[in-house]
Structures are given as C-alpha cells and as structure tokens.
Amino acid sequence: MEEMNVMPRIGEQAPSFEAVTTQGKINFPVDYRGKWVILFSHPADFTPVCTTEFMTFGKMAAEYEALNCQLVGLSIDGLYSHIAWLRTIKDKIDYKGMKDIEIKFPLIEDVSMHVAKLYGMVQPGESETQAVRAVFFIDSKGIIRTILYYPLSLGRNFDEIKRVLMGLQTADNFGVALPADWRPGDDVIVPTAGSCGVAKERMDNKTGELTCYDWFFCTRKLSKEEVESKLGK
C-alpha cells in the first residue's frame with residue numbers, strides 16, 4: 001500500500017521529535033518554548049535555489065531574533081553534507097551582494113526522512129526522496145499557526161515570510177484581523193459586531209475611531225509604532 005504523508009494542521013500542537021543538527025541535538029519544539037519558531041525544509045544541500053534561500057535567511061537572522069523567532073532548517077541529507085555546504089556558502093558564494101554569510105541556526109539531519117514525513121514535507125508528486133519547500137510558523141506555545149508550501153523549483157518569498165510572522169504577532173497582541181497586503185502601520189480589522197445593537201452603534205459612529213464599510217466590516221488605525229512596540233512578544 002502507498003504510504004501516506006499526513007500534514008499537521010493549523011491550530012494543532014507541533015509534532016515532537018528529537019534530531020541531530022548542525023548546532024547539536026535538539027528536542028523539538030520543547031527546546032524553543034517561549035519563542036516563535038519557523039521550521040522550514042529544503043530539497044537538498046548543494047543546490048542553487050536552496051543556497052539562495054539559506055543565504056537570505058542567514059542575512060535576515062538578526063531580524064527574526066528581534067521578533068523572538070528561532071529559525072530551524074531541515075533537509076533529507078546527512079550532517080557532514082550540511083556542514084560542508086554551509087562552509088561553502090560562507091567561504092565561496094557571493095550572490096546579490098550577500099557574501100561571507102554564516103548560518104548559525106540549526107539545520108536538521110533527516111536522512112531517515114522521519115521528521116519530513118512527520119510534517120508531511122515529502123510530496124510524492126514532486127519527489128519521493130526530497131522534501132518540498134515547507135514553512136511552518138509555530139508560536140511560543142508550540143502551536144502551528146500558518147503553513148506555506150512551495151514546489152522544488154520555486155524559491156520562497158522572504159518578505160512574505162517575515163510579514164506573516166509580524167502579522168500573526170500583531171493579530172494576537174491587539175485582538176484584530178489583518179486585511180489583504182497588510183503591513184505595519186496599515187489599518188486593521190476589528191472583530192465583527194456580535195449583535196444588532198453593536199452593529200448600529202458602529203454604523204452611527206460619530207467619533208471617527210472606526211471606519212465602517214458595512215455593519216460587518218470595520219477598521220481602525222493602528223500605528224506602525226504601536227505594532228513594533230509589541231512585536232516579539
């Protein structure tokens with residue numbers, strides 16, 4: 001029978017595992033309690049697209065640290081391959097002004113494909129032996145909050161990955177929802193009115209605190225400074 005790779009779902013506890021990484025052994029996600037985590041997979045070491053991605057993550061690492069977020073990578077390759085590849089990135093690759101990039105976040109050895117299968121990272125329609133470009137956003141309580149999947153041939157959008165992380169933290173911190181293409185400083189969506197009375201009050205609002213497009217759709221201002229003061233919390 002064909003083996004099924006079950007993908008964890010948003011709102012579920014991140015599946016636990018222990019693994020060897022380029023930064024030593026980890027117990028996931030227990031070791032990162034209290035921090036947000038971006039767990040991401042890539043198809044293989046010494047491949048061009050993955051090299052550009054790791055260099056970008058390495059360049060942005062301090063930005064994620066400022067957001068109280070730990071990066072954790074994975075591929076179905078061995079530890080020594082990981083180490084050799086990361087040394088090559090640091091010592092040899094100069095790409096789009098990025099050079100001398102040292103990867104300090106852990107990269108999981110997953111030759112057995114245990115973790116990749118646990119997280120549904122192996123998609124047989126793409127490859128039986130490589131993990132697709134999965135991205136799991138896991139909050140400080142170990143709960144999966146967002147999942148992104150990219151095929152082998154397409155590099156990830158790193159602006160979007162950071163935007164998602166900031167958006168999740170903002171939604172949690174302020175109890176709001178965020179509209180399409182939201183960026184810090186943009187208006188945010190307040191919870192939908194739960195009664196006819198509240199809906200009428202909002203539509204009759206004279207203070208200008210809310211902008212209501214209809215009874216169910218109201219926004220309010222939330223400054224970039226307010227958002228940034230809470231990021232990483």
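Heavy-atom basis, side chains included; hydrogens, waters and symmetry copies ignored.
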Working to the nearest 0.5 angstrom, can you tell me the gap between [X] [atom1] and [Y] [atom2]?
| X | Y | atom1 | atom2 | value |
| --- | --- | --- | --- | --- |
| Tyr32 | Leu39 | OH | CG | 9.5 Å |
| Leu222 | Thr219 | CG | OG1 | 11.0 Å |
| Leu178 | Leu168 | CG | CG | 8.5 Å |
| Gln70 | Phe28 | CD | CZ | 9.0 Å |
| Phe217 | Ile189 | CZ | CD1 | 5.0 Å |
| Asp214 | Thr192 | CG | OG1 | 10.5 Å |

Pairwise side-chain contact, [X] with [Y], heavy-atom cut-off 4.5 Å (strictly under):
| X | Y | result |
| --- | --- | --- |
| Lys230 | Gln169 | no |
| Leu67 | Trp36 | no |
| Met98 | Thr56 | yes |
| Pro43 | Cys50 | yes |
| Tyr64 | Phe105 | no |
| Ile103 | Thr22 | no |
| Phe17 | Ile108 | yes |
| Phe137 | Val37 | no |

Minimum heavy-atom distance between [X] and [Y], given as atom pair plus value:
| X | Y | value |
| --- | --- | --- |
| Met55 | Ile89 | CG-CG2, 3.7 Å |
| Val227 | Pro184 | CG1-CB, 4.0 Å |
| Leu71 | Ala61 | CD1-CA, 4.4 Å |
| Ile101 | Gly58 | CG2-CA, 3.9 Å |
| Ile138 | Ala14 | CD1-CB, 3.8 Å |
| Ala44 | Asp77 | CA-OD2, 3.3 Å |

Spell out, yes or no, whether [X] and [Y] are grouped together once hydrophobic residues are joined by side-chain heavy atoms under 4.5 Å, including indirect joins.
| X | Y | value |
| --- | --- | --- |
| Tyr149 | Val49 | no |
| Phe57 | Ile147 | no |
| Phe46 | Ile83 | no |
| Leu86 | Tyr80 | no |
| Leu148 | Ile144 | no |

Could you tell me whether [X] atom [atom1] has more than 12 heavy atoms of other residues or ligands within 6.0 Å of it?
| X | atom1 | result |
| --- | --- | --- |
| Asp91 | CG | yes |
| Arg33 | CZ | yes |
| Lys35 | NZ | yes |

Short side-chain to backbone donor-acceptor contact, [X] and [Y], under 3.5 Å:
| X | Y | answer |
| --- | --- | --- |
| Asn27 | Asp31 | no |
| Asn157 | Ile161 | no |
| Asp110 | Val115 | yes |
| Ser41 | Val132 | yes |
| Thr170 | Met166 | yes |
| Glu12 | Arg9 | yes |
| Gln23 | Leu107 | no |
| His82 | Thr21 | no |

Arg183 vs Arg163, side-chain contact (heavy atoms from CB on, under 4.5 Å): CA-CA, chis, key distance, verdict: CA-CA 7 Å; Arg183 297 280 180 177; Arg163 189 190 78 92; 3.8 Å; yes
Do Ser229 and Glu226 have side-chain atoms, one donor and one acceptor, less than 3.5 Å apart? no
Distance alone, cut at 3.5 Å: any donor-acceptor contact between the side chains of Trp85 and Thr51? yes
Apply the test side-chain contact (heavy atoms from CB on, under 4.5 Å) to residues Ile76 and Met121: give CA-CA distance (whole Å), side-chain angles for both, the deciding distance (0.1 Å), then the verdict. CA-CA 10 Å; Ile76 302 171; Met121 295 170 173; over 6 Å; no
Are the charged groups of [X] and [Y] less than 4.0 angstrom apart, N to O?
| X | Y | value |
| --- | --- | --- |
| Asp172 | Arg145 | yes |
| Asp100 | Lys90 | yes |
| Glu18 | Lys25 | no |

If we check ring pair (Phe, Tyr, Trp, His ring centres under 6.0 Å) with Phe40, which of these qualifies: Tyr119, Tyr150, Phe54? Phe54
Assess the residue pair Ile93 and Lys99 against the criterion (side-chain contact (heavy atoms from CB on, under 4.5 Å)); give the C-alpha distance rounded to whole Å, side-chain angles, the decisive distance to 0.1 Å, and a yes or no. CA-CA 6 Å; Ile93 307 297; Lys99 62 181 178 179; over 6 Å; no
Please list, chain by chain and in numerical order, all residues satisfying salt bridge (charged side-chain N to carboxylate O under 4.0 Å, His left out) with Asp186, sequence neighbours excluded. none
Test Asp187 against Arg220 for salt bridge (Lys or Arg N to Asp or Glu O under 4.0 Å), laying out the working first. CA-CA 5 Å; Asp187 290 358; Arg220 73 174 179 90; over 6 Å; no
Among pairs that include at least one residue of residues 39-55, which meet salt bridge (Lys or Arg N to Asp or Glu O under 4.0 Å), considering only residues two or more places apart or in two chains? Glu53-Arg133, Glu53-Arg156
Test side-chain contact (heavy atoms from CB on, under 4.5 Å) on Ile38 and Val72 and set out the steps. CA-CA 6 Å; Ile38 291 178; Val72 179; over 6 Å; no
